[in-house]
Colleague: 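Have a look at this one.
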Number of protein chains: 2
Amino acid sequence: MPVNESITSSGPTTLVHAMQILQVTARGGHRGASVDDYLNELSFSRPTLYRLLKGLKQQGFLRSSPIRGRYLLGYELLVLGAQAGNGAGLRDLARPRLLTLAQRWGDSFYLFARDGVNAVCLEVQNGAYPVGSFVRATGGRLPLGVGQASIALLAYLGADERSEILNHNAEQLMDEYAIAIDGIEAEIAHQLKHGYARGVEGSLLPEYSGLAIPILDHSGHPLGAMSCSMLKSRMTKSHKLEVLQGMQEEVAAMVNQAHGLLYLD
Amino acid sequence: MPVNESITSSGPTTLVHAMQILQVTARGGHRGASVDDYLNELSFSRPTLYRLLKGLKQQGFLRSSPIRGRYLLGYELLVLGAQAGNGAGLRDLARPRLLTLAQRWGDSFYLFARDGVNAVCLEVQNGAYPVGSFVRATGGRLPLGVGQASIALLAYLGADERSEILNHNAEQLMDEYAIAIDGIEAEIAHQLKHGYARGVEGSLLPEYSGLAIPILDHSGHPLGAMSCSMLKSRMTKSHKLEVLQGMQEEVAAMVNQAHGLLYLD
DNA sequence: TGGCTTTGTCTCATTTAGTGAGATGAACTC
DNA sequence: GAGTTCATCTCACTAAATGAGACAAAGCCA
């Protein structure tokens with residue numbers, strides 16, 4: 001089965017091929033990918049494959065597995081990935097704060113940013129209590145509309161942009177998450193009125209609940225969102241208010257710090 | 001000033017150029033890089049630059065900054081980076097354990113793996129106490145020889161491989177860290193005798209101290225190392241023993257889990 | 001509003017530089 | 001030591017990336 005070509009479509013073919021190699025490797029998880037995996041899934045010759053593998057290895061984007069003939073993602077990606085997740089320096093600022101929150105309340109806290117029509121998870125900090133979430137780890141992506149953080153992000157985009165995104169995601173939201181646009185718009189209204197988001201109930205993860213608040217820059221555009229997730233049974237009125245206040249305090253402090261940092265060019 | 005060409009030397013030039021673009025972008029931190037940055041630091045024409053930028057953007061490896069004409073690392077790198085750091089599935093296993101340790105003892109705990117002649121930090125979990133460390137975050141790299149985790153990793157490599165690495169790093173270790181090979185070998189001996197590493201005293205970070213233990217696979221090869229760092233004043237004999245035991249328990253549990261996971265093909 | 005700067009795109013000729021086929025060498029397995 | 005798979009090499013070929021410079025578009029500042 002050839003790799004999905006709709007995503008990795010245009011551009012210099014060498015580049016596309018290289019990225020396809022990385023994708024195939026990533027799909028292999030911690031076992032990586034074998035020469036055959038590449039040859040089966042991709043559509044270029046073996047010498048070319050080896051040339052690219054060699055190049056990617058030299059750049060640190062791949063490394064060879066202890067198992068001969070298998071390849072793993074290289075640590076250079078780790079460095080770049082850590083950088084990539086630090087958009088606006090947000091991640092560094094958020095990390096210790098998420099930890100504080102998780103330790104204090106025992107729930108799990110997240111930092112999200114917008115990535116096109118998706119929300120991408122920049123950082124997770126799990127607490128002591130068990131938790132179910134759509135994202136498993138840093139780097140996880142969700143279509144905007146799923147989860148409370150999505151709502152917090154969507155609410156502060158322009159109306160046109162928002163409807164464009166929702167329109168784009170509508171089918172997927174309904175099919176995969178059983179979430180209707182109406183529900184999302186209702187929650188956006190709730191976010192705008194009360195300053196926090198709760199997420200739309202879908203068919204998945206019915207026993208979990210969460211909260212999210214946006215992280216806005218000085219002009220009101222969303223830089224990201226902080227969210228938390230917990231068992232519904234833990235979401236008592238008082239706990240909700242406590243956690244919400246905790247999150248708001250941390251985000252306010254973050255934004256202050258950010259302003260100190262962002263504007264010294 | 002052109003980008004360091006010794007690292008990014010050979011391979012298909014398109015690939016090299018693309019990676020150079022990513023490196024330049026990464027160097028810009030959360031401010032990314034501008035068209036001029038690329039044109040100054042790299043040696044290809046503007047149309048080519050734009051073609052590559054476009055390609056990289058389509059692949060999700062770059063995104064354009066809110067500031068026009070600047071580019072940031074894309075979130076695809078985040079996904080790949082998260083994967084890359086999960087060598088042997090170790091990171092997923094270690095993450096909650098590092099958190100437990102950090103919460104329990106208040107010190108900072110790390111997961112390291114070997115990356116050629118370097119040690120790369122796969123995960124950090126800071127505790128409540130302030131801490132100084134050579135690595136600031138996930139993705140940080142140190143020449144093998146620096147820090148306690150390095151010792152733990154080096155100790156379980158073959159003698160020939162070890163001396164090759166030390167030979168390679170010797171100059172840098174002395175110049176940048178004021179660490180002598182003799183000292184490293186002494187600490188390796190200590191690791192092998194007592195099962196844990198303490199790190200070699202260099203001129204940097206004199207007020208901090210640490211411990212590390214290796215994470216070995218079934219055949220005794222090092223998969224990684226777990227380490228901790230703390231103010232010297234906190235390193236009492238009893239605290240040291242407690243932390244060490246805590247780390248050993250967590251690593252033992254990890255290795256058990258790993259064996260359960262790694263061998264079901 | 002209008003001129004100015006910088007970003008981004010286009011065209012086209014040039015030729016580099018990546019490509020495929022198949023053979024060969026190296027490493028590990030049984 | 002035979003067999004298998006991984007990795008490299010050579011060489012001719014031409015597809016495909018490149019550079020120069022012109023052109024279009026988008027902010028910016030007065």
Side-chain angles (χ1 to χ4, degrees), chain A residues 2-3 5 8-22 24-25 28 31-59 61-72 74 158 160-161 219 221 263 265, chain B residues 2-3 5 8-22 24-25 28 31-59 61-72 74 158 160-161 219 221 263 265:
Chain A
V3 82
E5 292 175 23
T8 55
S9 51
S10 105
T13 60
T14 304
L15 187 59
V16 175
H17 288 167
M19 298 316 171
Q20 288 178 333
I21 287 180
L22 293 181
V24 170
T25 312
R31 305 194 52 244
S34 72
V35 172
D36 283 333
D37 291 338
Y38 298 120
L39 289 174
N40 290 335
E41 301 195 42
L42 306 175
S43 53
F44 44 89
S45 68
R46 215 169 59 182
T48 301
L49 171 63
Y50 278 108
R51 276 187 286 251
L52 289 175
L53 288 176
K54 204 176 182 180
L56 287 167
K57 249 165 70 178
Q58 279 186 11
Q59 312 282 328
F61 284 62
L62 283 181
R63 60 198 159 106
S64 23
S65 158
I67 301 163
R68 202 176 111 90
R70 296 193 76 86
Y71 295 81
L72 300 170
D160 46 351
E161 193 172 12
S219 65
H221 288 289
Y263 300 121
D265 249 33
Chain B
V3 82
E5 291 175 23
T8 55
S9 52
S10 105
T13 61
T14 304
L15 187 59
V16 175
H17 289 167
M19 297 317 171
Q20 288 177 334
I21 287 179
L22 294 182
V24 170
T25 311
R31 304 194 54 242
S34 72
V35 171
D36 283 333
D37 292 337
Y38 298 120
L39 289 174
N40 290 336
E41 300 195 39
L42 306 175
S43 53
F44 43 89
S45 67
R46 212 162 68 168
T48 301
L49 172 64
Y50 278 109
R51 276 187 285 251
L52 290 175
L53 287 176
K54 205 174 182 181
L56 287 167
K57 249 166 70 177
Q58 279 185 13
Q59 313 282 329
F61 284 61
L62 283 181
R63 60 198 159 105
S64 26
S65 158
I67 302 163
R68 200 175 116 89
R70 296 193 76 84
Y71 295 81
L72 300 169
D160 44 352
E161 194 172 11
S219 65
H221 288 289
Y263 301 122
D265 252 33

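So that the names make sense, note that chain A is the first sequence line, chain B the second, and so on, each numbered from 1.
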Colleague: Among the candidates dA17(D), dA21(C), dG8(C), find the nucleotide nearest to the side-chain atoms of Pro47(A).
Modeller: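 Closest of the options to the side chain of Pro47(A): dA21(C).
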
Colleague: Quickly work out the Leu62(A) CG to dC6(D) P distance and round it to whole Å.
Modeller: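 Answer to the nearest Å: 16 Å.
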
Colleague: Assess the residue pair Met19(B) and Leu56(A) against the criterion (side-chain contact (heavy atoms from CB on, under 4.5 Å)); give the C-alpha distance rounded to whole Å, side-chain angles, the decisive distance to 0.1 Å, and a yes or no.
Modeller: CA-CA 9 Å; Met19(B) 297 317 171; Leu56(A) 287 167; 3.8 Å; yes

Colleague: More 5' along DNA chain C: Ser34(B) or Lys54(B), using each one's nearest nucleotide?
Modeller: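 Looking at the nearest nucleotide for each, Ser34(B) comes out on the 5' side.
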
Colleague: Under 4.0 Å from OP1 or OP2 of dA17(C): is there any side-chain N or O of Thr14(B) that close?
Modeller: no

Colleague: Once you apply a heavy-atom cut-off of 4.0 Å, does Tyr71(B) come out as touching a base, just sugar-phosphate, or nothing?
Modeller: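 Contact class for Tyr71(B): sugar-phosphate only.
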
Colleague: What I'd like to find out is whether the side chain of Leu52(B) reaches to under 4.5 Å of the side chain of Phe44(B), using heavy atoms alone.
Modeller: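 Counting from C-beta outward, Leu52(B) and Phe44(B) do come under 4.5 Å.
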
Colleague: Between Leu15(A) (CG) and dA15(D) (P), how many Å, whole number?
Modeller: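 Those two atoms, CG and P, are 21 Å apart.
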
Colleague: Checking side-chain contact (heavy atoms from CB on, under 4.5 Å) for the pair Phe61(B)/Leu22(A): CA distance, chi angles, key distance, verdict?
Modeller: CA-CA 11 Å; Phe61(B) 284 61; Leu22(A) 293 181; 4.0 Å; yes

Colleague: If you check the Arg46(A) side chain, which of dA17(C), dA23(C), dA16(D) turns out closest?
Modeller: dA23(C)

Colleague: Using OP1 and OP2 only, check whether a side-chain N or O of His17(B) sits under 4.0 Å from dT18(D).
Modeller: yes

Colleague: Given atom CG of Leu49(B) and atom P of dG19(D), what is their separation to the nearest angstrom?
Modeller: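 That distance rounds to 10 Å.
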
Colleague: Which nucleotide, dG20(C), dT9(C), dC6(D), lies nearest any side-chain atom of Arg51(A)?
Modeller: dG20(C)

Colleague: In whole Å, I'd like the distance from the CD1 atom of Ile21(A) to the P atom of dA7(D).
Modeller: 13 Å

Colleague: Would you mind reading off the distance between Leu53(B) atom CG and dT6(C) atom C1', rounded to a whole angstrom?
Modeller: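 Answer to the nearest Å: 15 Å.
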
Colleague: Hey, does the side chain of Tyr50(A) come within less than 4.0 Å of dA7(D)'s phosphate (OP1/OP2), counting only N and O?
Modeller: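 For dA7(D), OP1 or OP2 has a side-chain N or O of Tyr50(A) closer than 4.0 Å.
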
Colleague: Which whole number of Å gives the distance between the P atom of dC12(C) and that of dT16(C)?
Modeller: 22 Å

Colleague: Measure from the side-chain heavy atoms of Arg68(B) and tell me the nearest of dC10(C), dC6(D), dA25(D).
Modeller: dA25(D)

Colleague: Asp37(A) has an atom CG; how far is it from atom C1' of dC6(D), in whole Å?
Modeller: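 Result: 14 Å.
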
Colleague: With heavy atoms under 4.0 Å as the rule, sort Thr48(A) into base, sugar-phosphate or nothing.
Modeller: sugar-phosphate

Colleague: Walk me through it: do Thr25(A) and Asp37(A) pass the test side-chain contact (heavy atoms from CB on, under 4.5 Å)?
Modeller: CA-CA 9 Å; Thr25(A) 312; Asp37(A) 291 338; over 6 Å; no

Colleague: Given atom CG of Leu52(A) and atom C1' of dA7(D), what is their separation to the nearest angstrom?
Modeller: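 The answer, rounded to whole Å, is 14 Å.
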
Colleague: Under 3.5 Å, is there a donor-acceptor pair between the side chain of Arg51(A) and the main chain of Pro12(B)?
Modeller: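 No; zero donor-acceptor contacts below 3.5 Å.
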
Colleague: It should be established whether Ser45(A) places a side-chain nitrogen or oxygen under 4.0 Å from OP1 or OP2 of nucleotide dA21(C).
Modeller: no

Colleague: Rounded to whole Å, please give me the gap between CD1 in Ile67(B) and P in dT6(C).
Modeller: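 Rounding to the nearest Å, CD1 of Ile67(B) and P of dT6(C) are 16 Å apart.
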
